[in-house]
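Down below is the structure, laid out as structure tokens.
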Amino acid sequence: MTKIDTSRPETVLPTPSHTVGPFYGHALPFPGGGDIAPLGHPDTIALQGHVYDGEGNPLPDAFLELWGADPEGNLPQVDGSMRRDSSSGGFLGRNGVEFTGWGRIQTDAGGHWSARTLRPGARGHSAPYLSVCVFARGLLVHLFTRIYLPDDEAALASDPLLTRVDPARRDTLIATRGELGTYRFDIRLQGEGETVFLEFQ
Amino acid sequence: MTLTQADIDQEIAAEHAAYEKRIADGAPVEHQPRRDYAPYRSSVLRHPKQPPVAIDVSKDPELVELVSPAFGERDITEIDNDLTRQHNGEPIGERITVSGRLLDRDGRPVRGQLVEIWQANSAGRYAHQREQHDAPLDPNFTGVGRTLTDDSGFYRFTTVQPGPYPWRQHVNAWRPAHIHFSLFGSAFTQRLVTQMYFPSDPLFPYDPIIQSVTDDAARQRLVATYDHSLSVPEFSMGYHWDIVLDGPHATWIEEGR
Ligand SMILES: [Fe+3]
């Protein structure tokens, strides 16, 4: 029965999750999905990495969603991430000026992803981070993790999540400095070096 | 060794029995599938083995995950929720109208949020490059739709009934007809990707993906209800499917919206 009677709270139960499957590529990704930073913004950061399975093989059919605050720590409530062209029905891309804070990036055939966004500012008790949601064929429920940036050791040392996680696994949540000033963040779904994934309660 | 439907049937039955036993022993109802549901083989190397680290959202209202990205009229076009009008000609198949409400756990509507769908055509073929099933493509059907929920949380799509399709996990593996849904709530913690099924599909018992939801009542919540009042005279058959987003959210963020 899938007409929910909201006057009976005991019947308002969650809709189960399902895998995104292999055939979302013509539906969910959109051009410029990872170009989250407005053009020429001085606080732009570039992020890139791979997504690996339990045997260390890259996932060619995963996608990530990134969601983060602007450099002042404010979360935008601006639409226009996937602006559409009402004449052709195609995608226009972002307008290059407004920051929506959200992007969607598919891994390529080699399991690699990349994005450009604004350096997030701190909010609440946390060190600055980007929220990440991982989807793939084989994942019956998506996975949440976070990308912390390596630059501010003091902020990382007092972050409520980082101080709680197993020290041996803490570094899976922190990007590393890579080539040309980009940040590298690999996601390992299973096994050695398994990324710390999060559950919100 | 070739993997047969009988092998998968046995594994599904074993998982179901294990769940029934957990419930009998006092474990809580599982509304969500387990990520390590082996009858769905793609999960075997892709599920974390470490338990997730729990975050109590009540400790910090400023968590990034307690806010959702915003979408608006710029992100959709007027005909995006009518999958039968995206090409010059009419797609082949039975036209259907699919509508329902997007709700949170408190039964409150999620307003103005993005709903994305994708599906196979009426022959069971996706308009996707890597799709190997040799059923015909339909030049008048892409199978992709988007809409925003209205002030009561309602979404509505016009499309054609998708066909079931084989997927090669094991010999004679067929997916029941379904429409994929992607949903955003009022908090990023409520993010959901799922699939909607059609009533009384004979393939349900054989499909390890729908059976990954081992709780019988939870699995039923993935199946739309035929709704004659949604059927459009001389045009389409109506299906009603309400969606309830899981995951904690900060109620104070929504006030005044
Ligand atoms: Fe599918």
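Chain letters run A, B, ... following the sequence lines, proteins first and then strands; every chain starts at 1. Computed over heavy atoms, backbone and side chain alike; hydrogens, waters and symmetry mates excluded. Remember, predicted model here, so these are calculated numbers, not experimental data.
Using cut-offs of 30° and 60° for the angle between ring planes, the B/F184 and B/F71 rings count as tilted.
Comparing A/E199, A/R164, A/Q201, A/R84 by heavy-atom pairs within less than 4.5 Å of chain B, the highest count is held by A/R84. Considering only heavy-atom pairs separated by less than 4.5 Å from chain A, the leading option among B/R146, B/M196, B/E30, B/R175 is B/R146. Chain B forms more heavy-atom pairs under 4.5 Å with one residue of A/T19, A/T11, A/T145, A/N57 than with any other, namely A/T19. Among B/G107, B/P69, B/S43, the residue making the largest number of heavy-atom pairs under 4.5 Å with chain A is B/P69. Heavy-atom pairs under 4.5 Å with chain A were tallied for B/L222, B/I76, B/D36; the largest tally goes to B/L222. For the set B/L245, B/L192, B/D56, B/L114, the count of heavy-atom pairs under 4.5 angstrom toward chain A peaks at B/L192. No other option in A/V51, A/D5, A/L28 has as many heavy-atom pairs under 4.5 Å with chain B as A/L28. Your options are A/A136, A/P9, A/P160, A/S131, and the one with the most heavy-atom pairs under 4.5 Å with chain B is A/S131.
The pair A/E55-B/R46 does not count as a salt bridge, with every side-chain nitrogen at least 4.0 angstrom from each carboxylate oxygen. Between B/R191 and B/D246 there is no salt bridge, since none of the side-chain N atoms of the basic residue sits less than 4.0 Å from a carboxylate O of the acidic one.
Of the two parts of B/V53, the backbone and the side chain both hold a non-hydrogen atom closer than 4.5 Å to a non-hydrogen atom of chain A. Neither the backbone nor the side chain of B/E78 comes within less than 4.5 Å of any heavy atom in chain A. Heavy atoms of B/S182 lying under 4.5 Å from chain A belong exclusively to its side chain. Only the side chain of B/Y40 comes within contact range of chain A, with at least one heavy atom under 4.5 Å from a heavy atom of that chain. For B/L63, the parts lying near chain A are the backbone and the side chain together; criterion is any non-hydrogen pair under 4.5 Å. For B/V29, no part lies under 4.5 angstrom from a heavy atom of chain A. When heavy atoms are compared at a cutoff of 4.5 Å, B/E73 approaches chain A solely by way of its backbone atoms N, CA, C and O. For B/I79, no part sits under 4.5 Å from any heavy atom of chain A, backbone or side chain. B/H180 touches chain A through its side chain: at least one heavy atom from C-beta onward sits under 4.5 Å away, while N, CA, C and O do not.
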Practice task
Starting from the C-alpha separation in whole Å, work towards a yes-or-no answer on ring pair (Phe, Tyr, Trp, His ring centres under 6.0 Å) for A/H142 and A/F135.
Solution key: CA-CA 5 Å; A/H142 55 260; A/F135 300 86; 5.3 Å; yes
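Checking side-chain atoms of B/D242 against main-chain N and O of B/R101 turns up a donor-acceptor pair under 3.5 Å.
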